[in-house]
Asker: 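Supplied in structure tokens, the structure appears directly below.
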Number of protein chains: 2
Amino acid sequence: MARVTQAQAQQNRERVIAEAARLFRERGVQGVSVTDLMAAAGLTHGGFYKQFTSKEALIAEATGRAFGELGERLAALDEQHSGDHPAARRELLDYYFSPEHRDHAGQGCPATALGGDMARESPDSPAREPYADGVRDFARWMADGDDEDLVAIATMAGALMLSRATAGTELSDRILTAARRSLDDRAADRGQAPS
Amino acid sequence: MARVTQAQAQQNRERVIAEAARLFRERGVQGVSVTDLMAAAGLTHGGFYKQFTSKEALIAEATGRAFGELGERLAALDEQHSGDHPAARRELLDYYFSPEHRDHAGQGCPATALGGDMARESPDSPAREPYADGVRDFARWMADGDDEDLVAIATMAGALMLSRATAGTELSDRILTAARRSLDDRAADRGQAPS
DNA sequence: AGGCTTAGATGACGGACGTCATATAAGATG
DNA sequence: CATCTTATATGACGTCCGTCATCTAAGCCT
């Protein structure tokens, strides 16, 4: 009920951040209370402010964590395809526009799942920096030749958001397949007819 | 402090819906309380449930209202350009990717501003239907020849969301201009080289 | 071993939440 | 002008919110 090893405490802290990274994406920043977070980590709400200065500070850490997970996944894809980046990119798109991804926001793309919340954070919220950094890194990975493929990310995030918002209708699936085809076409255009 | 003309009451109801359509887009569904809504319409919170069965029901009405406003604006654009739809479309894009639109979500595109919230609404929330209908109508308007231009809407919504989430950084502006150029190019391709 | 430190638990705060029962007073009807 | 009706106001309910002061017990250090 009280003190715990430093290692254990550090581990608890990590678990809170990991749960936050998942739950914020799933239910939204406003849809998760400090009590929820601590309970998800097996603790009570009171200890929260021993580990974090505020909920806002945790949002920033959880955002960084979520984008960190994404970065690891992207690196793993590159490794899997041993340097064939276009192939890795295609596999990412397979996942990105899948019903699985649509239906499990908690494990999915943070740019999309946290975008709406981030847009409403105060202009100087500490969460905005890790978010923007994460988007930049993601855009850099998506680029096959450009510096950053911001439009690809926009199409991906928009299609995923709309698909989630219309889940349960035939529209939801059509959005995913239409976006997937469009990104394939654009990549092919660039590959076959580079200007 | 009490009774009011039927006309006046109807007007009050309209004002609540209009304020909801604005505030939900601006602060998010969870960021606006019933008390906020009624206060914005110059009333106190108690009368709310004489007009609406629940907050969820108001979300549905406000979503329909927001998309209705969008529809009127699109029709006005067509009229302004007297049937030259591609020109009307270009003018919409001018607005859509403008910093003004990014910085005033309350008056802006409901597909983007409400998308994140809608994705988290319960699967049978009454708000999902007007949202999906609104997206469908919007996609139909955007199409220059296809049945529906779902990919254009996805790129627009995604770019606007990311631009808002990264507002204050140079990235935010670059997302808007990159998306704008991409949509212009795609429209030009379709116009010059129809397959 | 004993004192210092601190992770976490407890419980409280002021306020806001969605909802509703009740009261009030003004429009509608006669 | 009296009565019926009803739109809005008042005020309360139980719950949850983010935050924090306080307590406690166990890890850490000498």
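Proteins get letters first, then strands, A, B, ... in listed order; numbering begins at 1 in each.
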Asker: One thing to verify: whether E61(A) and R13(A) come together as a salt bridge, which I'm taking to mean a side-chain N less than 4.0 angstrom from a carboxylate O.
Answerer: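 Salt bridge: yes.
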
Asker: Under 4.0 Å between a Lys/Arg side-chain N and an Asp/Glu carboxylate O for D149(B) and R89(B)?
Answerer: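 Salt bridge present between D149(B) and R89(B).
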
Asker: What is the distance from CZ of F48(B) to C1' of dC20(C), rounded to the nearest Å?
Answerer: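 Whole-Å distance recorded here is 13 Å.
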
Asker: Any base atoms under 4.0 Å from K50(B), or only sugar-phosphate, or nothing? Heavy atoms, all strands.
Answerer: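 Base contact.
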
Asker: Would you indicate, yes or no, if dA7(C) has its OP1 or OP2 atom less than 4.0 angstrom from a side-chain nitrogen or oxygen of N12(A)?
Answerer: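 Indeed not, no polar side-chain atom of N12(A) lies that close.
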
Asker: If only side-chain N and O atoms of Y49(B) are considered, is one of them under 4.0 Å from the OP1 or OP2 phosphate oxygen of dT19(C)?
Answerer: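 True: Y49(B) side-chain N/O within range (under 4.0 Å) of dT19(C) OP1/OP2.
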
Asker: Decide if atom CD of E170(A) counts as having more than 12 heavy atoms of other residues, nucleotides or ligands within a radius under 6.0 Å.
Answerer: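 Enclosed.
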
Asker: Calculate the interatomic distance between R13(B) atom CZ and dT6(D) atom C1'; express it in whole Å.
Answerer: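 Whole-Å distance recorded here is 15 Å.
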
Asker: Just how far, in rounded Å, is P of dA7(C) from CZ of F52(A)?
Answerer: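 Roughly 12 Å, once rounded to whole Å.
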
Asker: Would you say R25(A)'s side chain and A21(A)'s backbone share a donor-acceptor pair under 3.5 angstrom?
Answerer: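 Yes.
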
Asker: Nearest 0.5 Å, what's the CD-CZ distance between E69(B) and R65(B)?
Answerer: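 Going from the CD atom of E69(B) to the CZ atom of R65(B) covers 7.0 Å.
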
Asker: Below the 4.0 Å mark, does dT8(D) have OP1 or OP2 next to a side-chain nitrogen or oxygen of Q51(B)?
Answerer: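 Result: yes.
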
Asker: What about H45(B), does its side chain sit under 3.5 Å from the base of dG11(D) through a donor-acceptor pair?
Answerer: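 Yes, a donor-acceptor pair under 3.5 Å.
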
Asker: Within the side chain of R102(A), is there an N or O that forms a donor-acceptor pair under 3.5 Å with the backbone of L160(A)?
Answerer: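 Looks like no, no N/O pair under 3.5 Å.
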
Asker: Below 4.0 angstrom, which residues in residues 14-42 of chain B have at least one non-hydrogen atom near DNA chain D?
Answerer: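 Close to the strand, none.
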
